[in-house]
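Working notes for the structure below.
Sequence positions, counted from 1, serve as the residue numbers for this chain. All ligand and atom numbering here is 1-based and tracks the order in the structure.
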Amino acid sequence: MEQAWIHIRGIVQGVGFRPFVHKLVRERGLFGNIKNTSSGVELELEGEREALERFAEELPRRAPKLAVIEELTVEYSDELRGYAEFRILDSKTELLRDTLISPDICICDDCLRELRDPADRRYRYPFINCTNCGPRFTIIRDVPYDRAKTSMAAFPMCPDCEREYHDIENRRYHAQPDCCPKCGPEVFYLDKDGQRVAGDAIELARDALKAGQIVAVKGLGGIHLACRCDEPEIARTLRLRKQRDEKPFAVMCRDADCTRKICELSEDEQGVLESFRRPIVLLKKREPGLWHLSENARMGVMLPYTPLHVLLFGNDIDMLVMTSANLSDTPMLTDNREAVKALCGIADGFLLHDRDIQTRCDDSLCWVLDGQEYFARRSRGYVPFPVRLDRELSPILACGAEQKASFCLSRGSYAFSSQHIGDLKNMETFDAYSGQIAHFERLFDIHPRAIACDLHPDYLSTEYAADRAERENIPLIRVQHHHAHLAACMADNGVSEKLIGLVWDGTGLGTDGSSWGAECLIGDFKDFERFGSIRPIPLIGGDLVTKEPDRVAFALLHDAGLDTTGIENAALFEKMLSAGLNCPLSSGMGRLFDGVAALLGIKSQCSYEGQGAVLLEAAAAEDNGVFPGMLAGSPLRFDWREMIREMVMQRNRGESPDVLAARFMNTLIEMAVQQCRAARETSAISTVALSGGSFQNMYIMTRLPARLEGEGFRVLRHRRISCNDEGLSLGQLMIAQAAIEGL
Ligand code: ZN
Ligand code: ZN
Ligand code: FE
């Protein structure tokens, strides 16, 4: 006989871990106890050495699916206490704020079975859940995680639920949101004026949807607008009412088979689509393409994740538009009363319930690359699970940028990245942003001792950071935008040595005061140099160019010495350019994409950021052609003028825009490879990190890494966080830490 002392760190509380251990201990014939600690759980077990070893080996393999074991240590000793039973100990340390909080998880198979079982007491109950599934992050007000500190506090358990809650053999042992029709929340249906309609709320909503109406549906982290997918007229009405001109709508499909009716679905993609995190997956569309829902070649699809969604679909609705309910770029609605007010004239009905959404959390959005999520938005289902770092950090708050705002807080070797917040361009979004920072700091007990922000002085996030740093008298570290992207990719991959970073995005303030965005950097957390870039493009009319890429097309043609008379307002642009009137220079990759999309006639007026790039990627044919290009100067700039000349010549010769779009991206890939080769020659570094929003381009992401690897480079890309500005706060965090260490 021996004793084993086992300590486990990670998400092991509130996920059915102790009942699982209880069962496994019994199977192995061991005795001892288990208790929650500030960082996980601690086990003291006695038995034969072999049985103890088997137990320690099996534990991580068989752990409940929501449990995340970050670390497991075992110590053996001969000192026996002579346990004769296995006990679950109560511990005061449970009250410490050092544990991790689980993200929200989709309904599990066991609950699904009960939901459909007429004999079950939770038959068709839209809030069914257990320790393996249900809401977490979105209902938690404070820690420690127990019912009183969640939005379930308003619903005292009935005796039946209470019994399950205390029964270690039960699937709902210590499931904080556990409830039933007798004691839990209830769902109701309101008409367009917010008046309650008598009858089965879910059936009322289903009837309204089938009849072609637009229905607001309360989900886990916010309220959606739902409607039928098959009628272009309905989608048009929704667009009109929501003033959402051309942005794609996401779709919720009943299951994988329904998804296959509209999209291609690989085994890997199906795996992510059906995973318990239930992100929106960007899938290749199949004909006829549902172009009225999305002009993109890909469609964002997710599966039902709450029991309410499951009941809403029943077995006869295949798919529904499911788009966030919000108004003109403000955060997604979460509150019943506000929703009824704000969606007046937009929704024809409301399927709501009386469980409050404590924390807003938008749907996550990703592609599937090498079998894994490649994030455009890391939010519901993933947040607030931290990114584990390879080092310990001081408590720092990193404030992110402006678009796709996010923040990041460090505690020990964890970085807690926020959920999707939105573009920090209005007060509503700013309030959500500052409110979430306060919520995270309380939840994870973090008191920042330094603050990091972007170099751009006009971002609301920078103002917030500067203001707090001054008020709290702590250091403020301003981080160059693309340096932060590079550092984010390094931290995402757990490396800290000096790298080559290809950072391509729309815009970010450079250290020279100009706008950067197609950068080849060499650097680490401490420092960086701008090794390469592209020839700057004059932005005629400044920010206007993102909406009117024609202006960029004009600048490209003009600079390449080509005829510009085909472009509307050419005379005006010419005048502005020669007078240098509001024509700041930018080396943004996003701008080059916009300009080329306009030149090729793919998109000349944009209604949302990056639209030109998305459509250019969608248009690209299979073609291996490359345009000529030249790299020169220091920084080593890609001179795109020769490329533009050749492109225009081929266009005038009648080559199709689809082929030219492919050749344009092939040229960028060649340019990148040449830049990296030159960078390797001067630095002897052969690892390349890819970061920035332009790497949301799957044409490039499925080609550039392989091409670089063929040249002997090791390629790092984002894996755990988004490659766009949402992921940038993690990089700011790492750079701030390095700056503090250097002080
Ligand atoms: Zn469940
Ligand atoms: Zn109950
Ligand atoms: Fe960026």
Validation row, ring centre Tyr165 to ring centre His174 under 6.0 Å:
yes

Could you tell me whether the Zn ion (ligand 2) has an N, O or S atom of Cys161 under 2.8 Å away?
yes

Roughly, to 10 degrees, what angle do Cys183 atom SG and Cys158 atom SG form around the Zn ion (ligand 2)?
120°

Charged N to carboxylate O under 4.0 angstrom, Arg122 versus Glu164?
yes

Return yes if a side-chain donor-acceptor contact under 3.5 Å exists between Asp104 and Tyr305, otherwise no.
no

Salt-bridge present (Asp492, Arg719; N to O < 4.0 Å):
no

The Fe ion (ligand 3) - closest N/O/S atom in Asp505
OD2

Report yes or no: does His482 have an N/O/S atom closer than 2.8 Å to the Fe ion (ligand 3)?
no

For His481, what is the atom name of its N, O or S atom nearest to the Fe ion (ligand 3)?
NE2

Salt bridge check, Glu548 against Arg591: does any charged N sit closer than 4.0 Å to a carboxylate O?
no

Which atom, among the N/O/S set of Asp725, is closest to the Fe ion (ligand 3)?
OD1

